[in-house]
Asks: 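First the structure, then my questions, so here it is.
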Amino acid sequence: MFPALYKNNISKNISINAIKPSIRNCSPDSPKVRLKRLSLVVSLALTTMLTACQEPVTEQKDVQATAQTAAQVDGAPHVKINIASPDWGNAATLTAMGYPPIATGDVRVWDRWVGTPTLPPATIDLGIRYQPNAELVAQLPVDLVVDNSFYQHARNLYGDVPAESVMFAAKGDTATWADYTEPTRKLGKLINEPKLAEDYIAKSNDDIGIAGERLQQRYPNVKKFAVVQFADANNMRMYVANSLFQPALAHMGKELDVLGKGNQWGFVPIRMGDLATLDNDTCLLIINPLSPITRAEIDDSLIWQRLSYGHDRCVGELPPVWIYGGMASLVGLANNLSNVTLKGGAAS
């Protein structure tokens, strides 16, 4: 705009000078003529400079427009979605599917409580699962948070990042295979990989079936299992029909023996003496971790000695498995059980 205005003014001056070159009959070499010529030269130079300054601005606008167009193309949906999940069940299932989250909570104790699958070394620790590190969360390139109702209080920490709830839990009094396949399919949809989820479900079904055949070959006389986790030497949780042990054992062709109806977490609290009411042919499975102190106190317990586990009654210890997990926990449990060492009772 501005160069055009300068050009118009200059063209008018040039026209006037051209029409009236010697208004007062000045000679070509007179001071006034030289002054006018100098003024004309300066005006032309100024016009050229201003026009030259204008051109880079135009080029810069073109570059910015090109960059904006490229950014719009780059802004298209990415194939890889960065997931963060404070929930171990979702994190484990995504990892087992081959689509691990970039971050989850309490990574430092994952091996102690979850075991398999193994998290990739690059997985970022969000801190305490129930209260993730807000500053760390804000710095992560997260596209989606996958949690469940237990962690929804922390959603305000994620800012504008969307969150989806995926819950692996029984919908009724008895946990079913569908209670674990449906959330797995939901995960597949959230990451835009439904086939990945279907393939994983099919493989899990096969793996659990193979684990059941292996267990049957090793201990053909063991038909029923009871599953507990010790809180201390006298108190424990017994996992019942609405826990993940029900569909896992059912898929392995075995029966889960229980003492009561479970709470929303799939267990009933019992004491050591309550184990005496189980059938003699029921094999007791103890889920680790179990501290050395608690183990020593159990061995010294007169009640435990009278129950005769490892002698008249069958018993075995399983590696850690996340009790509140998803499909990955079912597969991990089945594999652990197929390799367990059972002692006493029906296992003899």
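Atom set for the values below is all heavy atoms of this structure, side chains included, hydrogens, waters and symmetry mates excluded.
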Asks: Answer with yes or no whether the hydrophobic clustering places Trp88 together with Met167; edges join I, L, V, M, F, W, Y residues whose side-chain heavy atoms lie under 4.5 Å apart.
Replies: no
Asks: Could you tell me whether Asp281 and Lys223 have a side-chain N and a carboxylate O separated by less than 4.0 Å?
Replies: no
Asks: Between the side chains of Thr176 and Asp179, does any donor sit under 3.5 Å from an acceptor?
Replies: yes
Asks: Between Ile210 and Tyr180, is there a shared hydrophobic cluster once you connect ILVMFWY residues whose side-chain heavy atoms come closer than 4.5 Å?
Replies: no
Asks: Around Lys224, counting heavy atoms of other residues, nucleotides and ligands shown, do more than 12 lie under 6.0 Å from its NZ?
Replies: yes
Asks: Under 4.0 Å between a Lys/Arg side-chain N and an Asp/Glu carboxylate O for Asp199 and Lys195?
Replies: yes
Asks: So, are Glu182 and Lys171 salt-bridged, with charged N and O less than 4.0 Å apart?
Replies: yes
Asks: Evaluate the side chain to side chain contact (heavy atoms under 4.5 Å, CB included) criterion for residues Met272 and Ser301: first the C-alpha distance (whole Å), next the side-chain angles of each, then the deciding distance (0.1 Å), finally the verdict.
Replies: CA-CA 9 Å; Met272 176 84 76; Ser301 169; 4.1 Å; yes
Asks: Between the side chains of Arg218 and Glu213, is the shortest nitrogen-to-carboxylate-oxygen separation below 4.0 Å, so that they form an ion pair?
Replies: no
Asks: Can you tell if the side chain of Glu255 reaches within under 4.5 Å of the side chain of Leu249, non-hydrogen atoms only?
Replies: no
Asks: Look at the side chain of Asp312 and the backbone N and O of Ser308, then say whether any donor-acceptor pair between them is shorter than 3.5 Å.
Replies: no
Asks: Above 12 or not: heavy atoms from other molecules or residues under 6.0 Å from CG of Leu290?
Replies: yes
Asks: List the steps and the verdict of side chain to side chain contact (heavy atoms under 4.5 Å, CB included) for Val227 and Met238.
Replies: CA-CA 6 Å; Val227 184; Met238 170 174 277; over 6 Å; no
Asks: Do Phe225 and Thr282 come close enough that some side-chain heavy atom pair is under 4.5 Å?
Replies: no
Asks: Rounded at 0.5 Å granularity, tell me how far CD1 in Ile208 sits from CG in Leu215.
Replies: 13.0 Å
Asks: Under a 4.0 Å threshold between the charged nitrogen and the carboxylate oxygen, would Lys203 count as salt-bridged to Asp207?
Replies: yes
Asks: Using 30° and 60° as the class limits, which term best fits the ring planes of Tyr239 and Phe245: parallel, tilted or perpendicular?
Replies: tilted
Asks: Do Val321 and Tyr324 share a hydrophobic cluster, counting only Ile, Leu, Val, Met, Phe, Trp and Tyr and linking them when any side-chain heavy atoms are less than 4.5 Å apart?
Replies: yes
Asks: Show me the side-chain donor-acceptor pairs of residues 261-271 shorter than 3.5 Å, one per line, residues at least two apart or across chains.
Replies:
| unit_1 | atom_1 | unit_2 | atom_2 | d |
| --- | --- | --- | --- | --- |
| Asn263 | OD1 | Trp265 | N | 2.9 |
| Asn263 | OD1 | Gly266 | N | 3.1 |
| Asn263 | OD1 | Phe267 | N | 3.2 |
| Asn263 | ND2 | Phe267 | O | 3.4 |
| Arg271 | NH1 | Asn235 | OD1 | 3.4 |

Asks: Whether the Thr294 and Ser291 side chains hold a donor-acceptor pair (N or O, under 3.5 Å, no angle test) is what I'd like checked.
Replies: yes
Asks: If you measure from CG on Asp125 to OG1 on Thr104, what distance do you get to the nearest 0.5 Å?
Replies: 8.0 Å
Asks: Specify whether Tyr130 and Phe150 have parallel, tilted or perpendicular ring planes, treating 30° as the upper limit for parallel and 60° as the lower limit for perpendicular.
Replies: tilted
Asks: Are Asp147 and Arg155 side-chain neighbours, meaning at least one heavy-atom pair lies under 4.5 Å?
Replies: yes
Asks: To the nearest 0.5 Å, tell me how far Leu342 CG sits from Cys283 SG.
Replies: 4.5 Å
Asks: With side chain to side chain contact (heavy atoms under 4.5 Å, CB included) as the criterion, how do Val228 and Leu285 come out once you've worked through the C-alpha distance, each side chain's angles and the decisive distance to 0.1 Å?
Replies: CA-CA 6 Å; Val228 299; Leu285 294 176; over 6 Å; no
Asks: Between Leu144 and Leu190, is any pair of side-chain heavy atoms under 4.5 Å apart?
Replies: yes
Asks: Using side chain to side chain contact (heavy atoms under 4.5 Å, CB included), reason through Arg313 and Leu284 one step at a time and then give a plain yes or no.
Replies: CA-CA 8 Å; Arg313 295 188 178 202; Leu284 183 68; over 6 Å; no
Asks: Tell me if a side-chain donor or acceptor on Asp143 pairs with a main-chain N or O of Ile81 at a distance below 3.5 Å.
Replies: no
Asks: Report yes or no: is the cationic atom of Lys80 (NZ for Lys, CZ for Arg) under 6.0 Å from the centre of the six-membered ring of Tyr99, at an angle within 45° of the ring normal?
Replies: yes
Asks: If we ignore hydrogens and angles and just use 3.5 Å, is the side chain of Ser329 paired with the main-chain N or O of Trp322 as donor and acceptor?
Replies: yes
Asks: Can you check whether Met236's main-chain N or O pairs, donor with acceptor, with Gln229's side chain at less than 3.5 Å?
Replies: no
Asks: Check whether any side-chain N or O of Tyr151 sits under 3.5 Å from a backbone N or O of Val146 as a donor-acceptor pair, and report yes or no.
Replies: no
Asks: What's the separation between atom OG1 in Thr93 and atom CE in Met327, rounded to the nearest 0.5 Å?
Replies: 7.5 Å
Asks: Do the non-hydrogen side-chain atoms of Pro292 and Glu297 ever get within less than 4.5 Å of each other?
Replies: no
Asks: Under a 4.5 Å cut-off applied to non-hydrogen side-chain atoms, are Glu317 and Val340 in contact?
Replies: no
Asks: Is there a side-chain contact between Asn90 and Leu187, using heavy atoms and a 4.5 Å cut-off?
Replies: yes
Asks: Side-chain polar contacts of residues 112-119 - donor-acceptor pairs under 3.5 angstrom, sequence neighbours left out - could you list them?
Replies:
none

Asks: Would a distance-only check, ignoring hydrogens and angles, find a side-chain to backbone donor-acceptor pair under 3.5 Å from Asn288 to Leu318?
Replies: yes
Asks: Are any non-hydrogen side-chain atoms of Val331 and Leu333 less than 4.5 angstrom apart?
Replies: no
Asks: Is it the case that atom CZ in Arg306 sees more than 12 heavy atoms from other parts of the structure closer than 6.0 Å?
Replies: no
Asks: Using a 4.5 Å cut-off between side-chain heavy atoms of Ile, Leu, Val, Met, Phe, Trp and Tyr, which other residues end up in the same hydrophobic cluster as Tyr158?
Replies: Ile102, Ile124, Leu126, Leu136, Val137, Leu140, Val142, Val145, Leu157, Val161
Asks: One thing to verify: whether Asp87 and Arg129 come together as a salt bridge, which I'm taking to mean a side-chain N less than 4.0 angstrom from a carboxylate O.
Replies: no
